[in-house]
Structures are given as structure tokens and as C-alpha cells.
Amino acid sequence: MMNMQNMMKQAQKLQKQMEKKQEELAATTFTGKSAQDLVVVEFSGDKKLTNINFAEAVVDPEDVETLQDMTTQAINDALSQIDAATQKTMGAFTNKLPF
């Protein structure tokens, strides 16, 4: 069985690695798109919206609902990508925990 001091050292090492991966993830840009790429959004890995683009074809004052739906779709697409990347990146650390 691993002694307590070695477990603490390993846990501290994993914590530093996790922090580095979290920083890398936060610096990553995730792009979410609606159908036909009419709405494109960009998020940082820490879920901050950094950019949003609307194609002229989707900007119709008579049909605001479609623009809203496509914006929601693009945002949810990007957030799902961030969640998947976070799970993949950070989930790898749970297998390395010494306890």
C-alpha cells in the first residue's frame, strides 16, 4: 500500500497537471453552428461567448423566431463541444487518482 506522503505528492502532481489542462481548455475556441451555418458562435473553453455571426440570409425582420432558434442551436452546439472536451480532458485524471 502506498504511504501517505507518496499519495500526497502524487495528488499534488495531478492537481498541477489538471490546472494546466484547465488553462489549455479555457484558451481553446469552440465553434458552434446552426443548420447551414447561418448562425455561427464562438466560445472559449470556459464557456464565455466571444463571437457571434449571422448570415444575411437569416436576418429577416418578419421572421425573428427562426433567427432565435438558429442562435440557440449554434450556442447549444458549442456548449456541447465544450462539455465533451472537458469530460475527455478532465475525466482522464480521475483514473490516475491514488485513492
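Summarising the geometry, atom CG belonging to L25 is positioned 11.5 Å from atom CE belonging to M18; distances are rounded to the nearest 0.5 Å. Taken to the nearest 0.5 Å, the CD atom of Q10 stands 8.5 Å off from the CG atom of N6. Between the CG atom of D63 and the CD atom of Q68 there is a distance of 9.0 Å, given to the nearest 0.5 Å. Atom-to-atom distance recorded for N53:CG and L38:CG is 12.0 Å, nearest 0.5 angstrom. Expressed to the nearest 0.5 Å, how far CE of M7 lies from CD of Q12 amounts to 12.0 Å. Separating the NZ atom in K16 from the NZ atom in K20 is a distance of 12.5 Å, to the nearest 0.5 Å.
Across all their heavy atoms, Q22 and M90 have their closest contact at CG-CE, 3.5 Å. Of all non-hydrogen atoms in A74 and S34, the two that sit nearest each other are CB-N, 3.8 Å. When all heavy atoms are compared, the tightest approach of E42 to L49 is O-CD1, 3.5 Å. The two atoms that bring S44 and A26 nearest to each other are CB-O, 3.5 Å, heavy atoms only. Scanning both residues, T31 and A78, for their nearest heavy atoms gives C-CB, 4.3 Å.
The shortest distance between side-chain heavy atoms of F43 and L79 falls below 4.5 Å. With contacts defined as side-chain heavy-atom distances shorter than 4.5 Å, the pair F54/L67 qualifies. Contact check for Q5 versus K9: side-chain heavy atoms found under the 4.5 Å cut-off. Here the side chains of N51 and V41 are not in contact, with every heavy-atom distance at 4.5 Å or above. Counting heavy atoms from C-beta on, the side chains of T71 and I52 come closer than 4.5 Å.
Listed by first and then second residue, the side chain to side chain donor-acceptor pair (under 3.5 Å) pairs involving residues 78-87 are K47-D83, D77-Q81 (not counting sequence neighbours).
Side-chain atoms of Q73 do not come within 3.5 Å of backbone N or O of K33 as any donor-acceptor pair.
Follow the hydrophobic side-chain contacts under 4.5 Å out from I75 and you never reach V40; the two are in separate clusters.
Ion pairing of E24 with K21 is present here, as a side-chain N (NZ or NE/NH1/NH2) and a carboxylate O approach within less than 4.0 Å.
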